[in-house]
Every structure is written in structure tokens, then in C-alpha cells.
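To start, the structure itself, in C-alpha cells.
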Amino acid sequence: MVRKPVVATISKGGYLQGNGKGALPSPGGSQPPEPEQVVLKKKITLLRGISIITGTIIGAGIFISPKGVLQNTGSVGLSLIIWTACGVLSLFGALSYAELGTSIKKSGGHYTYILEVFGPLLAFVRVWVELLIIRPAATAVISLAFGRYILEPFFIQCEIPELAIKLITAVGITVVMVLNSMSVSWSARIQIFLTFCKLTAILIIIVPGVIQLIKGQTQHFKDAFSGRDASIMGLPLAFYYGMYAYAGWFYLNFVTEEVDNPEKTIPLAICISMVIVTVGYVLTNVAYFTTISADELLLSHAVAVTFSERLLGNFSLAVPIFVALSCFGSMNGGVFAVSRLFYVASREGHLPEILSMIHVRKHTPLPAVIVLHPLTMIMLFSGDLYSLLNFLSFARWLFIGLAVAGLIYLRYKRPDMHRPFKVPLFIPALFSFTCLFMVALSLYSDPFSTGIGFLITLTGVPAYYLFIVWDKKPRWFRRMSDRITRTLQIILEVVPEEDCCKL
């Protein structure tokens, strides 16, 4: 079902292009009248862009367990420095993506930039592991946190049954998929609302923390750099945990073609979002330490809940609800953005053709959204999700590092390329070096998990030659693929985007 691109070369400007026209087939075999233009519309304004980035970055981690940084730094003071440094480093990556997004005005994020610089093989491998494992597993993990915390107020005196968590999680995943299938505007509006909920939850922690500081509750900051000495291996791992908490700054680049005035909106949305998130994360950690000692934080399974129980009394019951809404916002933003990655990869000929089609009335990439649903459900009810993410976390940073390194390559290879937003070269150089260093560190510190992830990633190479390069597939296979595509078009009421390659 994966088709060869119509044009299998990369021009100076570009990309592998699939055909961009199409009409919904008629059950009787006759062609319907020429439909009106069906395109993904530019509905992402500055506020919606900020909500996509901020709302996707801020998930469950900052509320549940920021102890990974503290464990590997050994002191309160150094952990706060790492949180700040990770925010700055993430800003560097985001600024690099702002240049890429305003220079290459195509949706798809990492995939598109790797395709442009390194060619179709690496780009296919990237989308292969994203579709089959990384995105379904990541969506299932954040959804499980949603399910657990939405149920917590109802199970105060007892343990929440695992089956109940998975059932409510399945409902949450389905709601997100339906929402993103039905309307771009409504999914964006709900994302704005959920982003305000996240910021409200952070303020609920920061404001009492500031009040504690005013009252002189600074005992946990005395000798802030004393404690267990950080090991040489510990500091890089602390950066890894911190960078994971900031992950999500790249999602606006997945929907570049739907951004209104991208040359201004993308850099502004990125800068504003990263300042909000970095300041919020650092102040939230400061607030925790006004009430909770380092040892207590390491023992807590949900730091925000522990903090609120000590300071907020009965109002602490609201905190799990805010955490659940925060997780739901991350689910919604992730599905909204990553579905565009699959849509673009299909349009370029690297995924089944049906995934590049748009609903004729709702103007949403319906197939690219719902393809995640069965894969996520499989992940949810089977296997060790956290091991899968550990196996493939190195792949995320490897490809992000390569995409940012591609920016440096394009500066020298195509110096005349139009760049409305341009960053100093030391920014992408430092960021790409850090990403590749983290990948090398994971190979050294956990060769087994990283090795398995590397092998899983390598399965994309034979898949590329089997599905993309090999063009002498049996006639029955091509006929079956065409029949399945036409049937799904009729059922889902979708057609290929018209003039999809025009900007």
C-alpha cells in the first residue's frame, strides 16, 4: 500500500512530490463532478501556535516526578541550574527550527528537514519508527497518566484498578482522535483552553511557593550545592531528563503549512512559548523546595500532589484534575501535530496514499489522524510502554540533532536560500552537538536498550527498499492496494489535497 513517488528526485528547492490531484471515487465507477478545492487551511494564529507548543511541552512530568534531575545532580542548587540550562538549550533548538520552518515552508518537522538535507532513506526511517512505535507508545504513556489522575479523586482511600485506568485512557484517546478528525478550529480552541488550565496549575504551585519564600521558608535552599556529589555520568543524564521534560518545542513546525503568516508567527510563537515554559518550570521547582526537602522529593511519586496536600488543604483534590487536563492537552497537541507528519510523508510517497487525503467537508487529514488510534490501543493494552520508549528515545534525539545539523549544511550548500529568520551559527552547532552527545552517552551508559532501539530503527532500511524502491511489485498487490485505497476513500469521504505542493 506504500506507493512510489511520482517524481523520485530532489530538486534544488526540494522534495519528493506525489500527485496532488484527486476526487472521491464513485461507487458506480463514474467520476463525480469536479469538487471545489480541498486544502488544509491556514488556521494557526499566534495564540494557537503558542498553545500548541506550550500545551504540548507541559505534560505530566513537571507535576508528577521531576526527581530524575535531582537524582543525577545530587543538590538543590545544581538541579535548578540544570532546569534553567535545559530551558536555554531547548530554546536554542527551537530557534534553529524557527529558521528551518521559515526557510522551508513545508509541514512535517524533522521528517521534512531530513528529507531536504539527507535524502529519502533517512527521512523514511524517521517516519517508520515514529509511526510504528514512538508516537503510539508516547501517546499511550501520556494517556495513561491522564487516566490515572482523572480517576484519583474518586479513589482517595484505595488503589485505582489498572483496568479502570486503561478503560478511561482508551476513552480519552478516542475523544482526542475524534476531536482532531472533526475540526481543526475546535481542536485548536480546546488546546488554547487546556493551555490556560496548565498555566493555572503551575500558578497554583508557584504562588503558594512565593508566599512561602516571603514568609522566610528558605531552609531547603541553605547550602544549596551541598549533598551527594554529582558523578561524571550523572550530569549528562540530568540533562537528558531535563530535555525530555522540555520536549515538544518542535511541534509547530509539523503544521507549518497551516500557520498564518509563518515568517512572523513561527519565531514569535517559539520564543514566547519557551520563555513561558522555562520560567514556569524553574519557578515550579523553586516552589517545591520551599515546602519539600530534597530527600522527600526523591521519595514522592507525585510531587505536585505532595506539595498541595501540605499547603492547600482540601483544594489539593483539584490538583490531580489539573494534571489530567495537562496530560489531555499534551495528547491533543501531539496528535494534532504528528498527524501532519504522516500526512506529509504520505504525500511524498513514503506512506500509504490514503494518509495524504483530506475530508471533503471538514478539511482535516482524517486518515492521518485515525491511523494512530488502533496502533495506540495495541500499545495501551500490551507490552511494556516505558521500555519501548527507552529503546527508541535515542532515535528522537539523533534525528533532531541531524535536522539541526542540516541547518548548518544548508547555510554552506545553499547560501542564497531565502531566510526570513536567521540565527547565529553557534546556536545550531551547540544544540546539535548536545543531541549527538546524548545519543553517544546512551550508547555508553545503556548499550543493551540503545542497541535494541538501534536494531528496531534499522528495520526501516529493508522496509524502504521493499516498499519504496522496489517498483516491480506483483500485479495482484498493486490491484489490491488500489482497491483498498478507493474503498477507504468512499468510507472516509476523503480526497487528495488539491494543489498540495503550492505554498
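Start at 1 with the first residue, then count along the sequence.
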Checklist entry - Stepwise, does the side-chain hydrogen bond (donor to acceptor under 3.5 Å, both in side chains) test hold for Thr459 with Trp128? => result CA-CA 9 Å; Thr459 61; Trp128 171 263; 3.1 Å; yes
Checklist entry - Between Tyr464 and His350, is a side-chain hydrogen bond (donor to acceptor under 3.5 Å, both in side chains) present by the stated rule, with each step listed? => result CA-CA 8 Å; Tyr464 173 76; His350 285 164; 5.1 Å; no
Item to check | Greater than 12 external heavy atoms within 6.0 Å of Phe421's CZ | outcome: yes
Checklist entry - Is a salt bridge present between Glu130 and Arg126, judged by a nitrogen-to-oxygen distance below 4.0 Å? => result yes
Next on the checklist: Strictly distance-based, threshold 3.5 Å: is any side-chain N or O of Ser346 a donor or acceptor partner for the main-chain N or O of Ser356?
Outcome noted: yes
Next on the checklist: Between Trp249 and Tyr97, is the ring centroid distance below 6.0 Å?
Outcome noted: yes
Checklist entry - Under a 4.0 Å N-O cut-off, is there an ion pair linking Lys413 with Glu116? => result no
Checklist entry - Are there more than 12 heavy atoms of other residues, nucleotides or ligands under 6.0 Å from atom CE of Met377? => result yes
Checklist entry - Would a 4.5 Å heavy-atom cut-off, applied to side chains only, mark Gln489 and Pro496 as touching? => result yes
Next on the checklist: Salt bridge check, Arg347 against Glu257: does any charged N sit closer than 4.0 Å to a carboxylate O?
Outcome noted: yes
Item to check | Geometric class of the Phe254/Tyr251 ring pair [parallel <30°, tilted 30-60°, perpendicular >60°] | outcome: perpendicular
Checklist outcome for this item: The complete set of side-chain hydrogen bond (donor to acceptor under 3.5 Å, both in side chains) pairs with one or both residues in residues 172-183, sequence neighbours excluded, reads Thr174-His373, Asn180-Asn332
Checklist entry - Does the distance from a Lys or Arg side-chain N to an Asp or Glu carboxylate O, for Glu258 and Arg340, drop under 4.0 Å? => result yes
Item to check | Exam field: side chain Glu99 to backbone Leu407, donor-acceptor pair closer than 3.5 Å | outcome: no
Checklist entry - So Lys106 and Thr112, side-chain hydrogen bond (donor to acceptor under 3.5 Å, both in side chains) or not? Walk me through it. => result CA-CA 7 Å; Lys106 289 275 187 176; Thr112 295; over 6 Å; no
Checklist entry - Ignoring hydrogens and geometry, is there a side-chain-to-backbone donor-acceptor pair from Ser339 to Phe336 under 3.5 Å? => result yes
Item to check | Under 3.5 Å donor-acceptor, Arg419 side chain and Met417 backbone | outcome: yes
Next on the checklist: Using only atom types and a distance under 3.5 Å, with no angle test, would you say the side chain of Thr54 pairs donor to acceptor with the backbone of Ser51?
Outcome noted: no
Item to check | Backbone N/O of Ser326 and side chain of Lys198: donor-acceptor pair under 3.5 Å | outcome: yes
Checklist outcome for this item: Applying side-chain hydrogen bond (donor to acceptor under 3.5 Å, both in side chains) to Asn285 and not counting sequence neighbours gives Trp83
Checklist entry - So, Thr256 side chain and Asn253 main chain: donor-acceptor pair closer than 3.5 Å or not? => result yes
Checklist entry - Partners of Arg48 by salt bridge (Lys or Arg N to Asp or Glu O under 4.0 Å), sequence neighbours excluded? => result none
Item to check | Arg478 side chain vs Lys473 backbone, donor-acceptor pair below 3.5 Å | outcome: yes
Checklist entry - For atom OH of Tyr241, is the number of surrounding heavy atoms from other residues, nucleotides or ligands below 6.0 Å larger than 12? => result no
Item to check | Ser432 (side chain) donor-acceptor with Gly401 (main chain) under 3.5 angstrom | outcome: no
Item to check | Side chain Ser273, main chain Ile270, donor-acceptor under 3.5 Å | outcome: no
